[in-house]
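Only heavy atoms go into these numbers, but all of them, side chains included; no hydrogens, no water, no symmetry mates. Reminder, nothing fancy here: chain letters follow the sequence lines and each chain counts from 1.
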Amino acid sequence: GLCSSEISKTIGGMSSTENLITSIQGLSASSGDLSALHRILKGAEETLRADSDLELSTLEELDASKHSLGYLYLLDVLTCGPMSNEKALDVVLLISRFISSCDAEQIRIASDKSTASAKRTTTVLIDAAAAADAETCGNQTNRTIISWGDDDECYCFGLVVVSLCKRFKDRVLELEDPLRGVAPLLSAVRKVQVSSKRLTALHPDCLQLCLLAKCYKAGFSILSDDILEVDQPRDFYLYCYYGGMICIGQKKFQKALELLYNVVTAPMHSVNAIALEAYKKYILVTLIHSGQFSVSLPKCASTAAQRHLKTWSLPYTEVGNCYNEGKISELQAVVVAHSSDFEKDNNLGLVKQAVSSLYKRNILRLTQKYLTLSLQDIANMVQLANAKEAEMHVLQMIQDGQIHALINQKDGMVRFLEDPEQYKTSEMIEVMDSVIQRTIGLSKNLIAMDESLSCDPLYLGKVGRERQRYDFGEDFDTVPQKFSM
Amino acid sequence: MERDEESSGPMMEMCTNGGGEETSNRRPIISGEPLDIEAYASLYKGRTKIMRLLFIASHCGGNQTMQLEALRMAYDEIKKGENTQLFRDVVNRINGRLGDKYKMDSAWCESVDRRAEQKKGRLENELSSYRTNLIKESIRMGHNDFGDFYYACGLLSDAFKNYVRTRDYCTTAKHIIHMCMNAILVSIEMGQFTHVSSYVNKAEQNPETLDPFVAAKLRCASGLAHLELKKYKLAARKFLDVSPELGNSYNEVIAPQDVATYGGLCALASFDRSELKAFIPLRFFSLVAKVIDNINFRDFLELVPEVRELINDFYSSRYASCLEYLGSLRANLLLDIHLHDHVDTLYDQIRKKALIQYTLPFVSVDLSRMADAFKTSVSGLEKELEALITDNQIQARIDSHNKILYARHADQRNATFQKVLQMGNEFDRDVRSMMLRANLLKHEYHARAGRNH
């Protein structure tokens with residue numbers, strides 16, 4: 001039979017839910033109507049959550065593309081609790097369809113306080129590494145590594161759709177079918193993004209799914225954006241870390257290096273697990289890409305990073321130092337000695353790639369000294385087993401464009417050639433031109449940033465307070481008086 | 001007949017470098033004969049004579065005759081002096097092998113020691129009386145005498161202390177120079193060459209008061225110091241600046257033959273071609289006498305004709321004969337107390353320079369002919385060349401198949417383009433990273449500010 005609340009609703013006339021549906025249907029046309037609708041929806045949130053009548057079928061009365069705002073709110077309410085696996089499947093399907101058909105303008109309007117959900121989801125992939133580190137270090141030092149979001153509670157006004165998508169991702173992971181979530185999250189990122197220069201909270205989630213589903217190409221399409229503005233540091237670190245891993249999967253080591261470099265040198269007060277894992281991969285990718293390892297971090301890295309990152313990644317720095325010496329057998333010995341560490345970090349594959357890159361590095365050095373060399377000589381000098389293996393390596397390097405050479409199989413000789421690029425073609429001129437344009441554009445960005453910073457009251461306040469430290473004298477009045485304490 | 005070895009320009013494929021043409025001026029190669037110890041020892045006097053003889057004795061390998069000869073002469077020389085410690089040393093080393101005349105003479109030791117005690121006592125009394133009288137000059141001479149005394153007994157650090165103490169009592173520039181020369185002598189014997197350098201500097205502070213002998217001696221000392229500190233270029237410059245008037249006047253330290261040898265070898269190992277020409281006389285490969293570039297050094301080189309020859313060979317690109325001379329001289333040079341530690345390094349550097357100079361004028365070089373010129377195998381030569389190429393001292397690449405070395409001149413234009421593109425990319429990356437970091441810092445400010453309010 002009917003329960004009392006339902007009776008009271010029907011007695012009162014149309015239920016509040018139905019009222020809401022009609023409002024949504026009515027007020028979804030113009031931007032003025034939408035803001036009114038937004039206020040109504042916000043007000044009605046409490047009652048919606050309490051309404052046990054609300055079901056997925058109610059959504060069928062709405063059109064996802066026309067009534068995106070309302071649809072979003074209802075979806076949000078419907079999906080926030082725990083649910084069974086079958087219901088999860090339906091929910092996942094529903095959200096996918098919504099994301100693909102919704103109107104980007106409308107969903108960007110809905111915002112609310114999002115805190116807990118963001119924190120929880122980001123620790124999923126990192127926990128393994130953090131746990132491993134917790135084992136190897138004592139109690140006292142554990143505190144120097146913070147797994148994300150422990151004490152820094154940031155109250156941010158995030159979009160409702162963002163928290164919806166994050167919940168969606170959780171469901172997809174629970175169903176162990178990450179592939180389902182890739183396309184929807186990709187389009188979600190595009191719709192939520194205000195500008196392609198700005199990082200959203202959804203970027204790392206999307207990349208995470210791409211990694212788990214092994215859809216590297218899809219993930220790479222997001223990475224080709226130039227991110228210049230960042231709201232949340234943790235989103236950024238995860239974006240860079242996952243992005244780096246995707247680039248490694250695509251063998252685009254240059255870009256991977258850039259992304260990992262950004263994490264490692266990011267300003268931070270204490271080392272965190274993400275930076276540490278990123279640093280380990282950074283070392284290995286540096287070896288593969290440029291073949292030179294230096295223990296010291298770039299100067300722009302934070303002091304915390306410079307002091308502590310090395311201590312937590314000793315097997316990796318050892319590999320790096322050994323690589324610099326250039327002897328294959330010694331490097332392999334080091335790798336075998338620490339293979340359990342590498343396996344724990346899931347880095348064994350990358351380490352193996354680094355080892356094979358040493359052969360390439362040594363062959364590259366030979367091209368500087370020899371014009372022709374027999375395959376057997378190459379094998380001897382680089383410590384390969386025989387001439388056949390040398391041939392394979394040289395062939396691979398020619399195909400990858402790392403060296404220019406001709407193999408004469410009859411004589412068993414390799415002839416090294418100079419880089420045929422003469423920098424005289426029109427394509428090259430275009431390349432140079434685009435580099436110049438890009439550089440000019442970046443310079444303009446930099447100047448604009450500098451100007452906006454010099455007008456920023458917070459920054460001026462800080463300089464004003466520290467003014468006593470620097471005795472500039474009367475001539476150097478860098479900060480207007482009102483900013484001095 | 002004009003020798004014109006530079007006519008093999010870039011268009012000619014290959015040219016045998018050196019050794020092909022015989023000129024009537026060429027002397028036959030002299031192999032370094034075994035060292036005539038007596039002649040060698042007669043070049044020196046004082047403590048250095050003894051030390052050099054002892055050095056030869058301990059470094060002549062299994063050559064018994066040489067060893068015994070050196071020890072015998074050392075024994076005779078020591079007995080002329082007052083150093084009983086050295087006497088006991090040399091007797092031990094002779095070990096009775098030279099018969100009765102050259103065994104332990106305890107009577108002599110005792111009498112020398114007694115005399116030394118008496119003298120020491122007398123000197124001490126004199127010094128204390130001078131001190132009470134506060135006569136500067138006497139005190140100075142008193143300390144000086146003590147220095148001389150300790151030096152003769154072989155107590156070098158005490159000698160040094162006393163010489164240095166005279167400094168407070170020096171009244172004229174001559175006194176200071178005298179002190180410096182003594183300090184230098186003792187420092188050389190002690191092997192402390194940093195002291196040598198500092199005292200040379202001190203002495204050279206008043207150049208007007210230096211007479212030419214002293215100036216020459218100071219340069220020798222300075223050269224020796226640089227040699228021991230492995231600064232071969234500076235050593236060469238100093239030695240080449242020594243005026244020939246030095247003659248034998250500094251043979252308590254160094255003989256003029258040594259000046260020639262040390263200076264010549266260091267110059268060869270460290271000078272580039274133009275510097276070599278400016279300093280080393282070159283009149284031996286042309287009938288028309290060229291400008292004699294360094295009159296001074298020529299006189300020295302006359303004393304060691306082999307060194308003179310090998311420098312000429314090097315300059316005229318006759319590397320085979322140059323290296324032959326070097327090889328033959330090696331054994332004797334290893335017996336020299338100052339040069340011993342540096343022979344291998346200097347030889348190595350000279351050989352490297354020869355290799356580089358050989359390849360310089362050519363577009364391509366046949367490795368087998370080059371290997372002949374340098375008395376080595378082709379594969380050995382390949383390894384040496386590889387090392388030089390890696391160090392960027394030769395710009396070339398090896399055609400291992402045909403065993404030819406090809407000169408390789410970097411294409412500046414391409415290299416510039418490459419660098420430009422690379423810089424552009426680096427700028428791109430760095431600026432973007434920078435902006436991101438600035439963003440993060442800004443966010444931190446705002447977050448902090450937000451929390452504070």
Side-chain angles (χ1 to χ4, degrees), chain A residues 152-156 199 226-233 236 240 254 257-258 261-262 265-269 298 300 365-374 377 381 408 411 413-416 418-419 421-423 428 431-432 435-436 438-439 442-443 445-446 449-450 453 456 458-459 461-462, chain B residues 364 379 382-383 385-392 394-411 413-418 420-453:
Chain A
D152 273 336
E153 280 247 333
C154 286
Y155 287 97
C156 45
L199 190 71
D226 257 351
I227 300 290
L228 289 176
E229 288 151 28
V230 166
D231 282 328
Q232 284 286 352
F236 176 66
C240 286
Q254 168 102 330
L257 209 55
E258 264 179 56
Y261 175 85
N262 281 334
T265 56
M268 56 182 89
H269 293 297
C300 50
R365 280 203 201 113
L366 288 176
T367 64
Q368 297 302 316
K369 297 182 274 198
Y370 287 92
L371 209 47
T372 64
L373 206 51
S374 73
D377 278 334
M381 288 183 197
N408 182 335
D411 294 333
M413 278 285 166
V414 180
R415 188 181 187 82
F416 298 120
E418 296 281 352
D419 185 357
E421 179 60 66
Q422 287 293 314
Y423 301 95
M428 183 46 73
V431 166
M432 301 226 69
V435 169
I436 293 174
R438 208 176 144 76
T439 311
L442 272 178
S443 296
N445 268 331
L446 196 56
M449 183 185 242
D450 186 42
L453 199 58
D456 186 329
L458 277 176
Y459 170 74
K462 178 165 201 242
Chain B
S364 64
S379 51
E382 250 187 73
K383 289 230 168 12
L385 289 174
E386 201 187 306
L388 287 171
I389 295 175
T390 315
D391 278 340
N392 217 16
I394 298 185
Q395 268 80 44
R397 294 207 296 181
I398 304 174
D399 181 343
S400 186
H401 187 46
N402 299 318
K403 300 295 178 210
I404 300 182
L405 182 75
Y406 284 101
R408 174 205 210 187
H409 300 290
D411 186 334
R413 183 179 172 278
N414 284 356
T416 311
F417 271 106
Q418 233 179 356
V420 164
L421 280 175
Q422 191 190 343
M423 279 211 137
N425 284 332
E426 279 172 21
F427 178 81
D428 195 287
R429 266 178 295 146
D430 288 342
V431 168
R432 274 186 296 130
S433 287
M434 219 194 305
M435 291 205 277
L436 278 169
R437 280 196 299 273
N439 241 298
L440 287 171
L441 284 171
K442 187 166 80 164
H443 173 270
E444 196 190 296
Y445 274 172
H446 287 278
R448 279 231 201 105
R451 257 179 284 142
N452 289 339
H453 292 133

S.K.: Compute whether any side-chain donor of one residue and acceptor of the other, for B:Glu426 and B:Gln422, lie under 3.5 angstrom apart.
M.R.: yes
S.K.: For B:Arg429, which atoms come within 4.5 Å of any heavy atom of chain A: side chain, backbone, both, or neither?
M.R.: side chain
S.K.: Quick check for you: among A:Ala266, A:Ser443, A:Cys300, which has the greatest number of heavy-atom pairs under 4.5 Å with chain B?
M.R.: A:Cys300
S.K.: Could you look at A:Gln254 and say if it's the side chain, the backbone, both or neither that has a heavy atom under 4.5 Å from chain B?
M.R.: side chain
S.K.: Using modelled atom types and a 3.5 Å cut-off, is there a donor and acceptor pairing between side-chain atoms of B:Ser433 and backbone atoms of A:Asn262?
M.R.: no
S.K.: Salt-bridged, B:Asp428 to B:Arg432, with N to O below 4.0 Å?
M.R.: yes
S.K.: Whether B:Arg397 and A:Glu418 form a salt bridge (side-chain N of Lys/Arg under 4.0 Å from carboxylate O of Asp/Glu) is what I want to check.
M.R.: yes
S.K.: Under 4.5 Å heavy-atom distance to chain B, tell me which part of A:Asn445 shows up: side chain, backbone, both or neither.
M.R.: both
S.K.: Can you tell me which portion of A:Glu258 sits under 4.5 Å from chain B's heavy atoms? Options are side chain, backbone, both or neither.
M.R.: side chain
S.K.: Against chain B, label A:Met268 side chain, backbone, both or neither, depending on which of its atoms sit under 4.5 Å from a heavy atom there.
M.R.: neither
S.K.: Based on non-hydrogen pairs under 4.5 Å, which of B:Leu421, B:Asn425, B:Ile398 is most in contact with chain A?
M.R.: B:Ile398
S.K.: Kindly indicate whether the side chain of A:Met428, heavy atoms from C-beta on, has any atom under 4.5 Å from the side chain of B:Phe417.
M.R.: no
S.K.: Mind listing the closest non-hydrogen atom pair of B:Arg437 and A:Thr265 along with its distance?
M.R.: CD-O, 3.3 Å
S.K.: Taking B:Val420, B:Ile389, B:Asn414 one by one, which has the highest count of heavy-atom pairs under 4.5 Å against chain A?
M.R.: B:Asn414
S.K.: Could you tell me whether the side chains of B:Gln395 and B:Asn392 share a donor-acceptor contact shorter than 3.5 Å?
M.R.: yes
S.K.: What residue in B:Thr390, B:Leu405, B:Asn402 has the most heavy-atom pairs under 4.5 Å with chain A?
M.R.: B:Thr390
S.K.: What option among A:Arg365, A:Arg415, A:Met413 has the most heavy-atom pairs under 4.5 Å with chain B?
M.R.: A:Met413
